[in-house]
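To keep things clear, I will list the structure first and then write my remarks on it.
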Amino acid sequence: MMIMTPPPPHPSPSPSPARPAPASPAAAHQDFPGELRCVGAARRFITQHLRDSSYEPLIDDVVLLVSELAGNAVVHTRSGDPRGTFTVRLRPTRSALRISVLDQGGRKVPHVRYGCGERGRGLGLVAAIADRWGTDGDGDGRTVWFEVSPPAGGHGA
């Protein structure tokens, strides 16, 4: 009679370490030449800072809004003049992420335009997508900003 011993139990796989919750992005800012081709660089700047953060699910919306504000700065303000610049700032707060575009001012005050024209609806997108938005400054320099709340399950700063 042959006695069979059962095989040794397989070691249970060690649990994989829990992935830490994504953190809020760090505050950052960058200056750009006031040229339309630099709007793409502003989009890449924002994408780089939101990737792997608690705001990553909102990258597409935030990048769209930054495109609108940076484009407006170049087209509608002195930032688009030769040697003009604009600045993009990212600042997390306890309850939201604030993105600002600083321009070199101009005659026009930014406002939402309603209607069915092909142009002038960028701030309407900002108003529709962002949780809050606004402007500060005057014709010598203006900041247009918007805030988005962390996605469900995300955390502010």
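Residue S79 comes nearest to A73 through the heavy atom pair CB-O, 3.5 Å, listed as atom of the first residue, atom of the second, then distance. The heavy-atom pair separating G34 from V74 by the smallest distance is O-CG1, 3.6 Å. The nearest pair of heavy atoms linking T77 to G105 is CB-O, 3.3 Å. Y55 and A96 make their closest contact through OH-C, 3.2 Å (heavy atoms, listed as atom of the first residue, atom of the second, distance). Here the closest non-hydrogen pair linking P92 and A26 is CD-C, 4.2 Å. Closest non-hydrogen pair, V148 versus A130, comes out as CG1-CA, 4.4 Å.
Atom OG1 of T143 and atom CG of D136 lie 6.0 Å apart (nearest 0.5 Å). To the nearest 0.5 Å, atom CZ of residue R132 and atom CZ of residue R98 are 6.0 Å apart. R43 CZ to I59 CD1: the interatomic distance, rounded to the nearest 0.5 Å, is 13.5 Å. Remark: T85 OG1 to E35 CD distance equals 11.0 Å, nearest 0.5 Å.
W145 has its side chain out of reach of R89: every pair of non-hydrogen atoms, C-beta onward, lies at least 4.5 Å apart. Put simply, the side chain of T47 reaches to within 4.5 Å of the side chain of V63, judged on heavy atoms. Considering only heavy atoms from C-beta on, L65 stays 4.5 Å or farther from I99 through its side chain. The shortest side-chain heavy-atom distance between P25 and L97 falls under the 4.5 Å cut-off.
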Item to check | Verdict with reasoning, F146 to V66, per side chain to side chain contact (heavy atoms under 4.5 Å, CB included) | outcome: CA-CA 9 Å; F146 66 88; V66 167; 4.1 Å; yes

Item to check | Verdict with supporting geometry, L123 and N72, side chain to side chain contact (heavy atoms under 4.5 Å, CB included) | outcome: CA-CA 9 Å; L123 286 180; N72 285 352; 4.1 Å; yes

Checklist entry - Going through the checks in order, is the side chain to side chain contact (heavy atoms under 4.5 Å, CB included) test met by L50 and E56? => result CA-CA 5 Å; L50 297 187; E56 186 170 21; 5.7 Å; no

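F32 and F45 have perpendicular rings, their planes meeting at more than 60° on a 0 to 90° scale where under 30° would count as parallel.
Not one N or O on the side chain of E147 forms a donor-acceptor pair closer than 3.5 Å with the backbone of W133. The backbone N or O of F86 sits nowhere less than 3.5 Å from a side-chain atom of D103 that would complete a donor-acceptor pair. Between the side chain of R91 and the backbone N or O of S100 there is no donor-acceptor pair closer than 3.5 Å.
The residue from L102, D31, L69, V101 that alone fulfils the side-chain contact (heavy atoms from CB on, under 4.5 Å) condition with V88 is V101. Considering H49, H29, Q30 in turn, H49 is the only one that fulfils the side-chain contact (heavy atoms from CB on, under 4.5 Å) rule with L90.
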